[in-house]
Amino acid sequence: GGSDLVLIKRDGSDEKVLVECVEFACIEPAWTPDSRYVAYTRYESGLTASMVEAVGKIYILDVESGSSNLLFNNPGLYGALPSFSPDGTAVSFYDFGENAIRLVNLVDGSSSIIPSRVAGRGSWSPDGATLIVADWDGEGTIPRSALFRLDLASRSVSRFFDDSFEVLDVSLPAWSPDGELLICGLQTESRQEGKQLWLFEWSGQPVQKITSDPQMNYSSYQWSPDGNRVVFQQVNLSQSDDAPKVLIWYRADNRIETLFDNAAFPQWMP
């Protein structure tokens with residue numbers, strides 16, 4: 001009834017169990033850029049119950065030695081969705097006790113929290129200097145999700161969108177490899193429409209709306225390593241039995257093609 005962490009080559013060969021979790025669930029693995037360490041969430045009271053109760057704990061695995069240790073020894077600290085900074089010196093994860101993203105410095109052991117009522121990962125800039133997080137915007141009468149930019153050097157927080165750009169709901173952005181552009185899924189006109197894909201400058205200024213079909217919802221967007229293409233997932237909201245599709249957007253000529261029918265959660269190989 002559990003889930004192990006398994007290392008396997010990209011051609012499917014040389015399967016090796018890294019962490020044997022028996023009845024526990026070890027999921028949500030995240031690599032350091034040098035592939036030396038993996039952060040993961042360990043749920044110890046059954047996967048379904050643990051996720052509902054938010055009682056996961058964050059572990060760090062040394063792939064070379066095979067040793068796996070708690071990130072925090074505090075028995076009352078629970079979290080999920082770990083993510084390494086691009087230089088591998090920090091880990092962020094969602095701290096359910098604090099309703100915040102917790103940022104842990106692996107060099108000196110210090111930590112800080114970024115309040116966020118939206119459980120999720122932060123989105124690291126490629127240079128590791130900025131972390132974008134989602135939270136509910138409490139200024140209006142109707143709750144809206146918003147994005148906030150954290151400058152890690154100055155510890156200053158600012159809104160990602162300016163007041164002239166109205167957003168009803170937004171998903172975390174994906175940074176282009178050069179850090180100059182971001183792609184987001186967001187609703188701007190009606191809560192009945194699906195999230196559309198938008199391209200933004202790093203400053204938060206909109207560049208273009210990539211998709212414009214309100215019956216479709218777009219998610220799981222990922223930049224190619226060369227920054228010239230984006231793969232993403234499409235679901236037709238008007239059809240309850242619609243199978244998802246994987247599409248690709250070509251930045252050079254703004255062209256969209258369908259790659260796979262009945263497929264989801266695309267990822268690029270490095």
Side-chain angles (χ1 to χ4, degrees), residues 28 30-34 36-37 39 41 58 60 71-72 74 77-140 143-186 188 198-208 221-223 225 227:
E28 301 167 351
W31 287 96
T32 50
D34 62 3
R36 172 69 186 272
Y37 298 96
T41 307
I58 307 300
I60 303 293
L71 180 60
F72 272 98
N74 185 339
L77 196 154
Y78 301 108
L81 303 170
S83 176
F84 281 102
S85 62
D87 62 3
T89 63
V91 174
S92 66
F93 67 92
Y94 193 79
D95 184 332
F96 287 98
E98 295 287 347
N99 287 328
I101 291 176
R102 183 175 289 273
L103 196 62
V104 183
N105 187 317
L106 297 177
V107 178
D108 59 19
S110 62
S111 72
S112 57
I113 59 173
I114 308 161
S116 173
R117 291 160 291 180
V118 178
R121 306 175 190 266
S123 180
W124 290 94
S125 63
D127 61 5
T130 303
L131 187 67
I132 293 181
V133 301
D135 198 2
W136 293 110
D137 188 342
E139 294 184 0
R144 298 181 177 185
S145 61
L147 297 179
F148 296 88
R149 181 191 293 105
L150 173 65
D151 185 304
L152 296 177
S154 65
R155 293 290 169 173
S156 61
V157 179
S158 59
R159 289 178 174 272
F160 182 72
F161 304 116
D162 63 33
D163 293 336
S164 64
F165 192 79
E166 187 173 359
V167 176
L168 298 177
D169 193 15
V170 60
S171 299
L172 277 175
W175 295 79
S176 62
D178 61 8
E180 295 296 319
L181 298 170
L182 298 95
I183 192 164
C184 288
L186 53 87
T188 58
W198 282 75
L199 190 67
F200 292 89
E201 296 178 353
W202 66 270
S203 62
Q205 291 298 314
V207 175
Q208 72 176 97
Y221 32 88
Q222 300 285 338
W223 288 89

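Values below: all heavy atoms of this structure, side chains included; hydrogens, waters and symmetry mates excluded. Worth saying up front: this structure is predicted, and the values here are computed from it rather than measured.
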[atom1]-[atom2] distance between [X] and [Y], expressed to the nearest 0.5 angstrom:
{"X": "I114", "Y": "N99", "atom1": "CD1", "atom2": "CG", "result": "14.0 Å"}
{"X": "F160", "Y": "L150", "atom1": "CZ", "atom2": "CG", "result": "14.0 Å"}
{"X": "D135", "Y": "R117", "atom1": "CG", "atom2": "CZ", "result": "4.5 Å"}

*Would you say the side-chain atoms of S156 and R149 include a donor-acceptor pair closer than 3.5 Å?*
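No, because no side-chain N or O of S156 sits under 3.5 Å from a partner of the opposite role on R149.
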*Side chains of S111 and R102, donor plus acceptor under 3.5 Å*: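 There is such a pair between these side chains.
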Sidechain-backbone polar pair: [X] side chain, [Y] backbone, donor-acceptor under 3.5 Å:
{"X": "D169", "Y": "L186", "value": "no"}
{"X": "T32", "Y": "Y37", "value": "yes"}
{"X": "S176", "Y": "G227", "value": "no"}
{"X": "Y221", "Y": "G185", "value": "yes"}
{"X": "E28", "Y": "L81", "value": "yes"}

Considering all heavy atoms, the nearest [X]-[Y] contact:
{"X": "A100", "Y": "P115", "answer": "CB-CA, 3.7 Å"}
{"X": "S85", "Y": "D87", "answer": "OG-OD1, 2.7 Å"}
{"X": "L106", "Y": "G88", "answer": "CD1-O, 3.7 Å"}
{"X": "C184", "Y": "P173", "answer": "SG-CB, 3.3 Å"}
{"X": "Q205", "Y": "D162", "answer": "NE2-OD2, 3.1 Å"}
{"X": "S125", "Y": "A129", "answer": "OG-N, 3.3 Å"}

Measuring only between side-chain heavy atoms, which start at C-beta, is [X] closer than 4.5 Å to [Y]?
{"X": "W124", "Y": "S92", "result": "yes"}
{"X": "L152", "Y": "T130", "result": "no"}
{"X": "L147", "Y": "L172", "result": "yes"}
{"X": "F148", "Y": "I132", "result": "no"}
{"X": "F161", "Y": "F200", "result": "yes"}
{"X": "P206", "Y": "E201", "result": "no"}
{"X": "L103", "Y": "I113", "result": "no"}
{"X": "F93", "Y": "S83", "result": "no"}

*Take D95 and I101, measure what side-chain contact (heavy atoms from CB on, under 4.5 Å) needs, and give me the verdict at the end.*
CA-CA 6 Å; D95 184 332; I101 291 176; over 6 Å; no
*Between Y94 and V118, does a side-chain contact (heavy atoms from CB on, under 4.5 Å) hold up when you go through it step by step?*
CA-CA 9 Å; Y94 193 79; V118 178; over 6 Å; no
*Can the ring centroids of W198 and F165 be said to lie less than 6.0 angstrom from one another?*
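Ring centroids of W198 and F165 are less than 6.0 Å from each other.
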_W202, CH2: over 12 other non-hydrogen atoms inside 6.0 angstrom_ =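 Result for CH2/W202: open.
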*Should I58 and Y78 be marked as a side-chain contact (heavy atoms from CB on, under 4.5 Å) after you check the CA-CA gap, both sets of side-chain angles, and the distance that decides it?*
CA-CA 8 Å; I58 307 300; Y78 301 108; over 6 Å; no
*When you look at I183 and W175, which way does the side-chain contact (heavy atoms from CB on, under 4.5 Å) test go after all the steps?*
CA-CA 7 Å; I183 192 164; W175 295 79; over 6 Å; no
